[in-house]
Amino acid sequence: MEKLRVEKDNVYKIEVNDKGECIEFDLLDIELPIKLINASEELKKQKKIYKEKIEKLKNEDLNPAEDMLKQYEIDKEFCQTMRDVLDSFLGENACQKIFGDTNRIGMFDDFFAQLEPHLDKIIINVEQIKKDLIEKYKPMLENKI
């Protein structure tokens, strides 16, 4: 059987756990900026929904056990939604690699604080790759004109 594998050039990898597992960003993926924007907007939306649910819960007259159970349900739903949104941007099961089975509200903000410098590097790399591609294919384009 013959095999064909396309080399993965221009992939930005970030190691995310002690096992050495990584998340990868394909810098030539034309959808990467769109995925980032969509994930960012969805994360903002979900944080707003979470805050609204917590405010509503504060106004309910519940006994402490009911209040704790409702809080748990809201937190659990929020964490799962955030994981789904992040996986849509970072890749399938990325959150499992990053967070394991841990679920706490602040972990997403902690993650983005650590990811931010990498996003700056990725954007810089994407710009350089665009320039390199233009230079690479410029002679071919000039011959067609």
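Position 1 is the first residue of the sequence; numbering continues from there. Owing to the predicted nature of the structure, the values given are computational and were not obtained by experimental measurement.
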Anything under 3.5 Å between a donor and an acceptor, one on a side chain of residues 26-33, the other on a protein residue two or more places apart or in another chain? List them.
residue : atom : partner : partner atom : Å
D26     : OD1  : L28     : N            : 2.9
D29     : OD1  : E31     : N            : 2.8
D29     : OD2  : K35     : NZ           : 3.2

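A donor-acceptor contact under 3.5 angstrom links the side chains of Q96 and D101, judged on distance only.
When all heavy atoms of N103 and C79 are compared, the pair lying nearest together is OD1-CB, 3.5 Å. Taking each heavy atom of R83 and G100 in turn, the nearest pair found is NH2-O, 2.8 Å. The two residues E15 and C22 make their nearest non-hydrogen contact at CA-SG, 3.8 Å.
Side-chain contact between Y50 and Q46 is absent, with no heavy-atom pair separated by less than 4.5 Å. L62 places a side-chain heavy atom less than 4.5 Å from the side chain of K70. F108 is not listed as a side-chain neighbour of L43, based on a closest heavy-atom distance of 4.5 Å or more. Between D110 and F99 there is no side-chain heavy-atom pair separated by less than 4.5 Å. Side-chain atoms of E66 and N63, non-hydrogen and from C-beta on, do get closer than 4.5 Å to each other.
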Next item on the list: Please report the C-alpha distance between K47 and D109 in whole Å, then the side-chain angles of each, then the deciding distance to 0.1 Å, and finally whether the side-chain contact (heavy atoms from CB on, under 4.5 Å) criterion is met.
Entry: CA-CA 11 Å; K47 280 184 174 183; D109 290 332; 2.6 Å; yes
Next item on the list: Would you sort out whether D67 and L57 count as a side-chain contact (heavy atoms from CB on, under 4.5 Å), showing the intermediate values?
Entry: CA-CA 8 Å; D67 184 61; L57 180 62; 3.6 Å; yes
Next item on the list: Could you please spell out the steps behind the side-chain contact (heavy atoms from CB on, under 4.5 Å) verdict for Y12 and H118?
Entry: CA-CA 9 Å; Y12 189 89; H118 292 283; 2.8 Å; yes
Checklist line | F78 and I49: CA distance, side-chain angles, deciding distance, side-chain contact (heavy atoms from CB on, under 4.5 Å) verdict | finding: CA-CA 9 Å; F78 175 74; I49 291 169; over 6 Å; no
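When the salt bridge (Lys or Arg N to Asp or Glu O under 4.0 Å) test is applied to D87, no partner is found at least two apart in sequence or on another chain. When the salt bridge (Lys or Arg N to Asp or Glu O under 4.0 Å) test is applied to E52, no partner is found at least two apart in sequence or on another chain.
Residue E60 qualifies as enclosed at atom CD: its count of foreign heavy atoms under 6.0 Å is above 12. Remark: N59 CG is packed, more than 12 non-hydrogen atoms of other residues, nucleotides or ligands lying under 6.0 Å away.
The hydrophobic cluster containing I23 also contains F112, counting ILVMFWY residues as joined when their side-chain heavy atoms lie under 4.5 angstrom apart, directly or transitively. Side-chain heavy atoms closer than 4.5 Å link hydrophobic residues (I, L, V, M, F, W, Y) into clusters, and following such links, even through other members, never connects L69 to I74.
The CD atom of E21 lies 12.5 Å from the NZ atom of K13; values are rounded to the nearest 0.5 Å. Considering CZ of R104 and CG of D75, their distance stands at 12.5 Å, rounded to 0.5 Å. Rounded to the nearest 0.5 angstrom, I105 CD1 and M107 CE are separated by 8.0 Å.
Checked by atom type and distance alone, the side chain of T81 pairs as donor or acceptor with a backbone atom of E77 at under 3.5 Å. Judged by distance alone, the side chain of N38 and the main-chain N or O of E41 form no donor-acceptor pair under 3.5 Å.
In this structure, E73 does not pair ionically with K76, as no charged nitrogen and carboxylate oxygen lie closer than 4.0 Å.
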